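Heads up, the thing below is written out as structure tokens.
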Amino acid sequence: MLGRIFKRTMPDLRKNELITSYEAVRKDVELYAREAGKKGVVLLPVSKLKPASDVQILYDHGVRSFGENYVQELIHKASILPQDIKWHFIGGLQTNKCKDLAKVPNLCYVETIDSLKKAVKLNEARAKFQPDANKIKCNLQINTSGESQKSGLSTEKEILEAVEFFLSPSATHVELAGLMTIGSWDISHSEAEENQEFAELVKWKGILDAKFNLALKLSMGMSSDFKQAINQGSSQVRIGTDIFGARPSRTEATV
Ligand SMILES: *Cc1c(COP(=O)(O)O)cnc(C)c1O
């Protein structure tokens, strides 16, 4: 008896909690976008280290795009969850993992392209293993902090080379969608009016849009700084904690 009540009520509690926080964030995003005079700011829920049942709850609520950070976790979730989910890979990308990622048919986005080499690898692997699937949309990750230990393209030469690859005929299975940055904790928690890293990403968009006649999207803003990001022109915010709650450690997480 108790067992039955437990089984029935626990998932309902989680469902209510998750939908409530998702809706609250969605309304905030809408409000901040309206205040910034911007239309169509996308909310990407980041489900890393959270169970597939959480993703399923939001899927049943109508959400179709989710962000993941770890290749194995994304592959596993993609294999057990509905096939029309559009997965975004937003984690640190390793060259030797490009192949595994490219094999996921409903991988929609890779947001963390931080070298020409990885863009080339991803394209090759998609062409080889999923030639008929969608082209993978890619964001170039820009190191906007100027700190050398942070990932992301940092020199103009690297950035231009990567863009030129995407615009060349060789890029048959990947396409350039935009730019992304992970703001550093210090800056997102400072009192400054403007986040300098977001401003840096906006600056690069200006340069590249003008030089190559593009309309790049900007993926910037997380739970702690998405209001500011939207204010400064973000097209997509990536929200984990504010929707799903605090994450377990990587060793404790269960899919
Ligand atoms: C984890 C993660 C997020 C979500 O972060 P929260 O602070 O939990 O909203 C967004 N972007 C990237 C790249 C991440 O790794």
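Just so we're clear, the structure is a prediction, and the values are computed from it rather than from any experiment. We number each residue from 1, following the sequence as shown. Atoms within each ligand, like the ligands themselves, are counted from 1 in listed order.
At least one donor-acceptor pair under 3.5 Å links the side chain of His173 to the backbone N or O of Pro131. Without hydrogens or angle criteria, Lys50 side chain to Ala246 main chain gives a donor-acceptor distance under 3.5 Å. Although no hydrogens or angles enter the test, the distance criterion places no donor-acceptor pair under 3.5 Å between the side chain of Asp100 and the main chain of Gln72.
Between His61 and Tyr22, the ring-plane angle classifies as perpendicular under the 30° and 60° cut-offs.
The ring-ring contact (aromatic ring centres under 6.0 Å, His included) check on Phe165 picks up nothing, with sequence neighbours excluded.
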Filter the ligand 1-protein atom pairs down to N or O on both sides and distance under 3.5 Å, then list them.
residue	atom	partner	partner atom	Å
ligand 1	8 (O)	Thr241	N	2.8
ligand 1	8 (O)	Thr241	OG1	2.5
ligand 1	8 (O)	Arg247	NH1	2.7
ligand 1	8 (O)	Arg247	NH2	3.2
ligand 1	9 (O)	Ser223	N	3.0
ligand 1	9 (O)	Ser223	OG	2.5
ligand 1	9 (O)	Gly240	N	2.8
ligand 1	11 (N)	Arg238	NE	2.8
ligand 1	15 (O)	Lys48	NZ	2.8
ligand 1	15 (O)	Asn69	ND2	2.7

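No side-chain N or O of Asn69 forms a donor-acceptor pair with one of Arg247 less than 3.5 Å apart.
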